[in-house]
Each structure stands twice: as C-alpha cells, then as structure tokens.
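Here the structure is laid out as structure tokens; the discussion comes afterwards.
Order of the sequence lines sets the chain letters (A, B, ...), proteins ahead of strands, with each chain counted from 1.
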2 protein chains.
Amino acid sequence: MPELDAPTTIKAFEERLLEVSSSLPKRLRQCADYVAANQDRIAVSTVATMAEGAGVQPSAFMRFCQILGFTGFSEMQKLFRESYSGGWPDYSTRLEHLRDSGSGSPSALLAEFVDAGRTSLESLLKTMDAEMLDAAVAALAKANMVHIVGYRRSFPAASYLAYAFEKMDVPAMLHSGIGRLDSRHALRPGDVLIAISFAPYSAETVELAEAAHAAGVTVVAITDTVVSPLRKLDALILSVSEVDFGAFRSLSATLSLAITLAVAVGTMRQNGKI
Amino acid sequence: MPELDAPTTIKAFEERLLEVSSSLPKRLRQCADYVAANQDRIAVSTVATMAEGAGVQPSAFMRFCQILGFTGFSEMQKLFRESYSGGWPDYSTRLEHLRDSGSGSPSALLAEFVDAGRTSLESLLKTMDAEMLDAAVAALAKANMVHIVGYRRSFPAASYLAYAFEKMDVPAMLHSGIGRLDSRHALRPGDVLIAISFAPYSAETVELAEAAHAAGVTVVAITDTVVSPLRKLDALILSVSEVDFGAFRSLSATLSLAITLAVAVGTMRQNGKI
DNA sequence: ATAAATTTGGACTATATATTCCATTTTTGG
DNA sequence: CCAAAAATGGAATATATAGTCCAAATTTAT
C-alpha cells in the first residue's frame, strides 16, 4: 500500500479529511461525516463509541483511520489528546530533561521559563471569573484599610501589591511577619484583607485569613487549586493557576493580577472621591 | 468500608476533593494536589500518566479514586469525559473581546496587563545577551555568598530571588534595608552582589552597588536603560526592558530572569560539588 | 522502645479496547 | 447476467490499561 504519513496537526488532519472524503464508499463516508461534526469527541471516546455514533461497525471505523494515514484509531486519538488545549506541557519533567541532558544552558532555561510565563498569562485570562474580580475591586474600593499578607513564594506578589497600592494612594499595610509581631489586631471592621497563598499553603497566611474572617473582615483570596484552605472562609476568590516547576513558579500571572487590582481599585477610589 | 456515593458532577467532585484533602497521607495528598491542579488532564490520561504526574505509584492513585467515592479510575474518568464539552477557548479573540467591551472594567484592565506581560517576556528572550547571562551564572556559582538588593518596585524581584536561592541551597542574603541598618560591611571578597534597579534608580541600591564595586565584589546588575548608573561600575549587565504603564510594570520578564538565575546557579553548584 | 495500625510499592490478574482476519455481501464493468 | 473487484460485518485475537492483593516500610500510639 502506498500509505501516506499520518497528519501531525489538527490542521493537517482536517485537510486530509477534506481531501479524502469525496471518494469514499458509503460506510466510510459516514465515518468522515461523523468525525467532521464531532471532532472534539475523538479525544475522549473509544472506537466502539465512535463507530456507533457514525452508525458503522468498529472495523469500518478502523479502516477509516487507516485511510487517513494513521496506523489505527489509537494513533489518531493520540493526536487529539495531545493537542487538547487544556493539556499544559509538563514543565517539571521537561526541565529535568533539560538539566539532565546537559543542554541546560542558562539561555535554554530562560526560554523555558519565559514560555511558562506566557502559558500562565494566557490561562489567567481564560479562567478569570470577571464577576468575582468586579466584586473584589468593589470591596477593596470601599475598604478603610487594605491589609496584604503572603509569605514565601507569595511574598513578592504581596510586596508588589503594597507598592502598587501606595502608588495609587490607597491606604494599605503589608503584613510581613517581621519580628514575629502578631499583626492580627490591626484588622478593624471595615477593612479588607488580601491573602495570597499557593500550595503548599503557609500556615501563617491561612491563620491570618481565618482571624480576619472571624472578625468580620472581608477577605479577598488570591490562590490556586480547589483544595486551597482559603476557599473555606467565604472569601472573594481570585483563582490563579500558575505553571510551576516543583518549588518554583513564574508569578507572571499573579503579578499581572496584582497590578490590575491596584489600578482598578485606585481608579475607582479617585473617581468616587473627586 | 462505608463507601460513599460517587460524585456525579464536577462541582460535587471538587467539594469532595476539598473535604477529603485535609486528612490525607503523603502520597494520596500528592494525588489530590495534582488532580486539583490538572483537572483537565483526567479526561484524556491513563492512570499511569496521572500517577506519574503526581509522583506516585498507579496503585496509590487508584486508592485515591476510591477514597473520593468512585469504584476506580475509570469511573472517575467517565465523569470528566462526559462533561467534556470540547470548545477550545480561543485566547486571542477573547482578549479582543475583553478589551472592546467596557473599557475600564477590571477585566479589560487585566487583559491589558496580561498583554503587556506577554510582550515583555517576548522581548526578554529576543534581547537577552546569552554570553552575559552565562558569565553572570558562572560568577554566581563561584560566589561564597550572594547578596541581593532591590528597593521599591524592584523589591518583589529581589525577594523572589532570595526565596529561589534558598530553595536551591545557594547561600544568599537579601538586603532589605529594614531598620536602616547599614549592611554594606557584610560584603566580603569572594561574594557577588545582584543589584536590581530600574528608572528612576533608587539611591540606596546604587550606593550599595558602588560600595561593592569599590570593595572588589563582583556586581551582577539587572537593570533597564543604557543610562542606568549601574552600568558605570563594570558589572555584568542583564538588560530587561519591561513594558510599563507610568509607575507600574508587570515584572513578568524580571521574575522569569530571576528564576532562571536561581535554577542555573543552583544546578551548576550541585554538579560542581558532588 | 515496642507493638499495632496505617501506608506504600510493586508484582500479578482481570478486563476493556483496539486491531486483524476472513467469509459474505454489494458494487462495478464487460 | 456473470465474473471480478471492492466493501462490509462480525468473530477472533492481541494489547494496553485498569484494578487487586500482599509483603515491606513507615508512622503512630503506648
């Protein structure tokens, strides 16, 4: 058989499908039509399901895959599973490879981290809950004082927020934990606390957020996964899932969210006052 | 076992995950964290892949599925496959849409800042001087102690560097200026100073860098324009031009550069020692 | 410090699913 | 209308993957 090479991108796949579909016998044509109309199901279905959907026997569907240039259904499915957009590249293993293979020149590393940052930014935009963001901005705009807490890897974001609020003339206080002073008594009614914490959630941050919640202070939480302990307080949740490499994460998305908060809140306050 | 009913919606799944995750032993907790951060992967992965991602044995992952209330991985996967609607979200159109609609809303601002971050990252990759970067990494890898200084808007980057060096077991000291202590005497021969400063260059940073230079301590400067005073000391210059909005800048590029330095230096030290 | 209980890793088994093969049916061309 | 070629359906087989079980390691309680 003069079997052709298998398509390696969805685009190539679509072209091949179009190209082939005009000269297909009945059953195979059904396959083509069904696939064209249900591309998204390929990644999560079995041959049997696809065949049933198309109204043909599984073996017919197999032949269809082969005509398209794949060795079988599995190979075709692989294409769709890999290019399934939700699938982030697995950075930690990629990084290990880079380092192990000695090709880990600083420049190569930089390229990886830049790429991770880009991915995080895109994902931030796709997943941010606009209503939650509006609500958080509104709450912060009305606050007497904005408290900010975030330790360890969240500390850079916390300190940036403090800087940005200061620039926007928003009264803000960074709880840095210096001197182990217990700062929870600074939380007064009418204040708002921004708590930033990512897995593994540092105990101090969670405690302060809990204290705030107990004292009736509104909490805005910048956090990641659904298992975050910050979700248990009924806080305004701003979800940020940053691509990470073991202990590191680029923070690009978190920082962008931070500036947004500061500018939006600052602007709203100025408009309200003047 | 008093096995509970399996979650039938993603929402219920997330709740169960949150509910259960606090009382989980090490390996199972890894599963929970990985799943929380990679929900979208479940539909298109095998147990083996998921287990590898979470860093556990497949059998551990199976147990995890069962604890969540499913009979096994297949049942859990079924939930995600069924509620998988396809729909690859299109980032660029979404961005345009966000910007067009209601300019000035927090979401529109976010879109702007995300875009700025992306631009900065791209430009970082294009303009980074690979040789300079190599030289900086080499110098830092040989240092007895790495000193880090950066105030005001550079402080988040400085604190992130301190965090990342700590994680990589590189002895590092963050000069934070707390209590106005004069820390310049901590600079010893054989040390290296990373000075981070962007226009307008804060006097304290420049002074410390000058003191270091005078004391024969190598200076690595992360800075922007060609008029930066840090360029006068013959330092190793890492140029970062971050897109900015008046007083703000996203810091995405600076932070990516920071992780790169930490990982590259940490790796080089570990390889050299062992 | 010791015993009990829990957790873990990995070998083993069961099962679901893909893939092939071939007898039967349908289409095509003379 | 017949023979040859192509297409089809379904049974048989191979393979990948899920799921189980238990001995070893770890943690916890006494």
Given protein heavy atoms under 4.0 Å, the one-letter contact record of nucleotides 17-30 of chain C, with B base, S sugar-phosphate only and - none, is simply SSSB----------
Worksheet item: Are a donor atom and an acceptor atom from the side chains of A:Ser252 and A:Glu242 found within less than 3.5 Å of each other?
Response: no
Contacts of A:Phe198 meeting ring pair (Phe, Tyr, Trp, His ring centres under 6.0 Å) (sequence neighbours excluded), chain-then-number -> none
Does B:Gln57 make a side-chain N or O approach to OP1 or OP2 of C:dT8 shorter than 4.0 Å?
no
Rounded to whole Å, the CZ-C1' distance (B:Phe64 to C:dT7) equals 16 Å
Worksheet item: Regarding A:Thr49 and A:Thr46, is there a side-chain donor-to-acceptor distance under 3.5 Å anywhere?
Response: yes
The bend of the helix from C:dA1-D:dT30 to C:dG30-D:dC1, taken between the axes of its five terminal pairs at each end and rounded to 10°, is 30°
Check the angle between the aromatic planes of A:Phe70 and A:Phe13 and answer parallel, tilted or perpendicular using the 30° and 60° thresholds. tilted
So OG of A:Ser120 and CZ of B:Arg118: to nearest 0.5 Å the spacing works out to 12.0 Å
Test your reading of the model: is there a side-chain donor-acceptor pair from B:Ser45 to the backbone of B:Ile42, 3.5 Å cut-off? no
Here the distance between atom C1' of C:dG9 and atom CD of B:Gln30, to the nearest Å, is 13 Å
The ring pair (Phe, Tyr, Trp, His ring centres under 6.0 Å) partners of B:Phe64 (sequence neighbours excluded) come to B:Phe61
A:Ser197 meets the side-chain hydrogen bond (donor to acceptor under 3.5 Å, both in side chains) criterion, sequence neighbours left out, with none
Under a 4.0 Å heavy-atom criterion, DNA chain D is touched by chain A from D:dA7 to D:dG10
Check your understanding: Under 3.5 Å, is there a donor-acceptor pair linking the side chains of A:Ser239 and A:Arg231?
Key -> yes
When you compare the side chains of A:Thr71 and A:Gln66, does any donor N or O come within less than 3.5 Å of an acceptor on the partner?
no
